[in-house]
Structures are given as structure tokens and as C-alpha cells.
K.L.:
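A single structure is presented below for examination.
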2 protein chains.
Amino acid sequence: MFQALSDPSRRAMVERLSHGPASVSQLAEPLAMSLPAVVQHLAMLESSGLVTTQKIGRVRSCTLDTSAMSNAEQWINARRTQWQRRLDRLGDYLDETADEDALK
Amino acid sequence: MFQALSDPSRRAMVERLSHGPASVSQLAEPLAMSLPAVVQHLAMLESSGLVTTQKIGRVRSCTLDTSAMSNAEQWINARRTQWQRRLDRLGDYLDETADEDALK
DNA sequence: AAAATACTTAGGTAATAGCTTAAGTGATTG
DNA sequence: CAATCACTTAAGCTATTACCTAAGTATTTT
């Protein structure tokens, strides 16, 4: 998942696909690399579940799978909120000790 | 950013840090690798902005920077919602043509 | 049926990533 | 002040990644 998104070319492909489905050559067109290279990137996006493809006739159509994307999003979110909870508890603790100080 | 999160060891380190700050050796302890390897991973996390560190005496303390994490989260979210908007427009179009069919 | 299109497969190469061990450095402890 | 501790630096090694070119294989077109 993160592995698949770690490459700038693949992120560009995901960005393109977020605007709608595309064929392999359409995905390749803006990228400065050979078609086989694009196909390799595509294979990674597919095996990570980010993209699904189906071949109709001689053209392969690629579409984004957003449910796979939200997995990555949720992982990040979980770590962020975990951290946030910790900060909140720390805040509570500091407030508490401030009260105790005030009582003295 | 995604580059930094693409390695499982680094994700484990981020996960550990989401529970609170840790020293380099504390980060290294659960990982099956040498300390220099951990330091290399840490350097990546730091240069990506995900983690900030400061050295006090001889121990380096590492903390998570959640604002950097939300950048990655937002990138994913932007692509996902872009896709969602497209599906919505497609739905509108289909509804529209359905109405036109109904008029015939 | 020949030619063009849209990939696909099969190699091969150069750069990078992810480790390792060995030998520092600078701060604390006994 | 010698030893220990917590890293840090340096060098090197292997496997993977990100490409490439060349030569296929199906599908359309003409």
C-alpha cells in the first residue's frame, strides 16, 4: 500500500486515475518512460489493490479502487489520533497538578 | 513522506512513537536489526518531517510530528474525494438520461 | 489478408535501499 | 579518571527497484 504510493510516477498515475478510468497508453502518455515501465508500475498498483484493471479487446482499462486508499488513510489517522489522545491525557495531568499547586 | 512510510520497520517505529516519545535504543529494542540500521531509518523519518528529534546529553529523544502525517492523509483523501465526485456526476448523468427516457 | 494498434514478455543494467561490522565520539557513572 | 553507555561515522555488501531495448501476441483496421 504505502510501498505502492512511495513512487512519484505511481502517485502521478493514481492522480490521473482519480479523474476517471484510463487505458495503459493514456496513463503512459504524460510520463517520460517506456510503456513496459508503466506496465510494471501498474502491476504494483494492482497488486496493492489500489487499482483494478480489465482488458476489453486489446485495450486494458484501469480504475482506482478507493476502498484500498482509505485503508492507508485510516492507518495514518489511527496513529495521529493515538498521539492526540496522549497529548490530551498529558494536558489533563498538567491541569490536575496545577489544581494541586493552587490548593497549597 | 510515502517513501518514509513504505518500509515496515519505519512504520513500526511510527507506531511506537504514536504512544509517546522514545530514545533511539528504545525504538531499536523491538526491531531485529543493529542500532546503526535503526539510526538510518530514523534519519529518513526525520528528513520526511514525520519525526523530530533532539539530543539531550547522550540520549536522543524522538517524537512524532502529526502535522506531517496529516499531509499524507490529505493527499489520499483528495484523490479519493475526486474519484467520489466523479461517481456522483456520473450518477446525475444517468438519472438525467433516465428522465429523458421516461419522457419518450 | 496485410498493416497497424495496444499491449505483453523477456531479457539486461545501473542506482538505490536496507542491512552489516568495525571503529569512533562525547556524556555519565563507579 | 577509567569504564560504561548511547549513540555516530564509515565502509562495504546484497537484494530490490526502476528503468531500458528487442521481440513477441492478440485485436482491430484497411
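Just so it is clear, the values below take in all heavy atoms, side chains as well, and ignore hydrogens, waters and symmetry mates. Lettering follows sequence order; numbering is per chain, from 1.
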K.L.:
After noting the C-alpha distance and the side-chain angles of A:Met13 and A:Leu31, does the key distance pass the side-chain contact (heavy atoms from CB on, under 4.5 Å) rule?
P.N.:
CA-CA 9 Å; A:Met13 290 167 75; A:Leu31 301 174; 3.8 Å; yes

K.L.:
When you check every protein heavy atom under 4.0 Å of nucleotides 12-21 of chain C, what one-letter string (B, S, -) results, 5' to 3'?
P.N.:
-----SSBBB

K.L.:
Give the rounded distance in Å between these two atoms: CD of B:Glu29 and P of D:dC5.
P.N.:
16 Å

K.L.:
With sequence neighbours excluded, give me every ring-ring contact (aromatic ring centres under 6.0 Å, His included) pair touching residues 46-68 of chain B.
P.N.:
none

K.L.:
Whole angstrom is fine here: how far is it from CD in B:Gln54 over to C1' in D:dC7?
P.N.:
16 Å

K.L.:
Whole-Å distance between D:dC19 C1' and A:Leu42 CG?
P.N.:
16 Å

K.L.:
With a cut-off of less than 4.0 Å, is there a side-chain N or O of A:Ser23 near OP1 or OP2 of C:dA6?
P.N.:
no

K.L.:
Who are the ring-ring contact (aromatic ring centres under 6.0 Å, His included) partners of B:Trp75, not counting sequence neighbours?
P.N.:
B:Phe2

K.L.:
Just verifying a value: how many Å separate B:Asn77 CG and A:Thr66 OG1, rounded to the nearest 0.5 Å?
P.N.:
11.0 Å

K.L.:
Can you pull out every ring-ring contact (aromatic ring centres under 6.0 Å, His included) where at least one residue sits in residues 55-74 of chain A? Sequence neighbours excluded, please.
P.N.:
none

K.L.:
Would you list the protein and nucleotides 24-30 of chain D atom pairs, both N or O, that sit under 3.5 Å from each other?
P.N.:
residue : atom : partner : partner atom : Å
D:dT27  : O2   : A:Arg58 : NH1          : 3.0

K.L.:
Look at B:Lys55 and C:dA27 and indicate whether a side-chain polar atom (N or O) is within less than 4.0 Å of OP1 or OP2.
P.N.:
no

K.L.:
Can you tell me if A:Thr81 uses its side chain to pair, donor with acceptor, with the backbone of A:Gln84 under 3.5 Å?
P.N.:
no

K.L.:
Show every salt bridge (charged side-chain N to carboxylate O under 4.0 Å, His left out) that has at least one partner inside residues 66-82 of chain B, sequence neighbours left out.
P.N.:
A:Glu15-B:Arg79, A:Glu73-B:Arg80, A:Arg80-B:Glu73

K.L.:
Using only atom types and a distance under 3.5 Å, with no angle test, would you say the side chain of A:Gln26 pairs donor to acceptor with the backbone of A:Ser23?
P.N.:
yes

